[in-house]
Number of protein chains: 2
Amino acid sequence: MGATKTEHFTDQQNQIAIIAKALGHPARIAIIEYLQKVNTCICGDIVNELPLAQPTVSQHLKELKNAGLIKGNIEGNAICYCIDEKTFDVLKNYFSTIIQTVTNQKCC
Amino acid sequence: MGATKTEHFTDQQNQIAIIAKALGHPARIAIIEYLQKVNTCICGDIVNELPLAQPTVSQHLKELKNAGLIKGNIEGNAICYCIDEKTFDVLKNYFSTIIQTVTNQKCC
DNA sequence: ATTTTATATCGTAATATTGCAATATAAAAA
DNA sequence: TTTTTATATTGCAATATTACGATATAAAAT
């Protein structure tokens, strides 16, 4: 026990959960908001924006990248990061569908 | 070390992270999808829908409720659960803004 | 009153996450 | 070529999450 029982759920359920989980930390939200604010890919500079040590930031960036929320291109000795909208679109559409279905719910 | 440094981030960043985190588990996504499917509040019945023991489901329901994603009303000896769209709206709008900002990004 | 049904809480083991110092890597600058 | 700069990886301690058996609670049914 202790580990998530992913095998009991559908691929789509697991995929949505993985994306949501990656966004489930304020440092990672702060990274996304920074990339949104500068509105371009950023080479370097992310570590200085956050109140966390460099290895910690690197780890958070890796998780966002694994979930498909950001893209990273090597650019010399720096790495250019930017938001990958496609994955945000997946989430947005998923939530939109839920909201639409539920809006006229005959509920308590 | 080990604990999330919430105090370094804004209230909004923490709030979005808390909601996303609550959705970051396939069992909780499955619960949301079940509530969406039946399209009404459900009294009882959720435990039988999931491949997890009753205390585990109860715990997941509590987390969804704490994050504001579902509402629960006591109805006799059962509890009626349903989706709380307001919180999904918060997320949807948040992601919509990100997507809009980023769509014309001059990126790598 | 007792039993059943639905749900919550407690305790705890297994596992995962968070954060960082130390170190590694690899390109750029000197 | 040495140093600097940017980032990743490793290893580990602190903490959090996941899952569930056992047990508690409380209303409904008998």
| query | Hey, quick one: are B:I98 and B:I18 part of the same hydrophobic cluster, counting side-chain heavy atoms closer than 4.5 Å, chains of contacts allowed? | reply | no
| field | 4.5 Å side-chain heavy-atom contact, B:Q13 and B:Q15 | value | no
| message | Output the rounded distance in Å from NE2 (A:H8) to P (D:dC20). | response | 8 Å
| query | Which part of the nucleic acid does B:I74 contact within heavy-atom distance under 4.0 Å: base, sugar-phosphate only, or nothing? | reply | nothing
| salt bridge (Lys or Arg N to Asp or Glu O under 4.0 Å) involving A:E33 - partner list, sequence neighbours excluded | none
| field | Side chain to side chain, A:L52 and A:H60, heavy atoms closer than 4.5 Å | value | yes
Give every pair of a protein N or O atom and an N or O atom of nucleotides 5-11 of chain D that lie under 3.5 Å apart, one pair per line with the distance.
residue : atom : partner : partner atom : Å
D:dT5   : O2   : A:N77   : ND2          : 3.2
D:dT7   : OP1  : A:G44   : N            : 2.9
D:dT7   : OP1  : A:I79   : N            : 3.2
D:dA8   : OP1  : A:Y81   : OH           : 2.9
D:dA8   : OP2  : A:S58   : OG           : 2.8
D:dA8   : N7   : A:Q54   : NE2          : 2.7
D:dA8   : N6   : A:Q54   : OE1          : 2.9

| field | Minimum side-chain heavy-atom gap A:I46-A:V57 below 4.5 Å | value | yes
| Any side-chain heavy atom of A:D84 sitting closer than 4.5 Å to one from A:F88? | no
| message | Does any part of the side chain of B:L61, heavy atoms only, come nearer than 4.5 Å to the side chain of B:I79, both counted from C-beta? | response | no
| field | Contact list for DNA chain D against residues 10-30 of chain B - heavy-atom distance below 4.0 Å | value | B:K21, B:H25, B:R28
| query | Are A:N14 and B:I29 close enough that some pair of their side-chain heavy atoms sits under 4.5 Å apart? | reply | no
| Separation of atom CD in B:E63 from atom C1' in C:dA8, rounded to whole Å | 14 Å
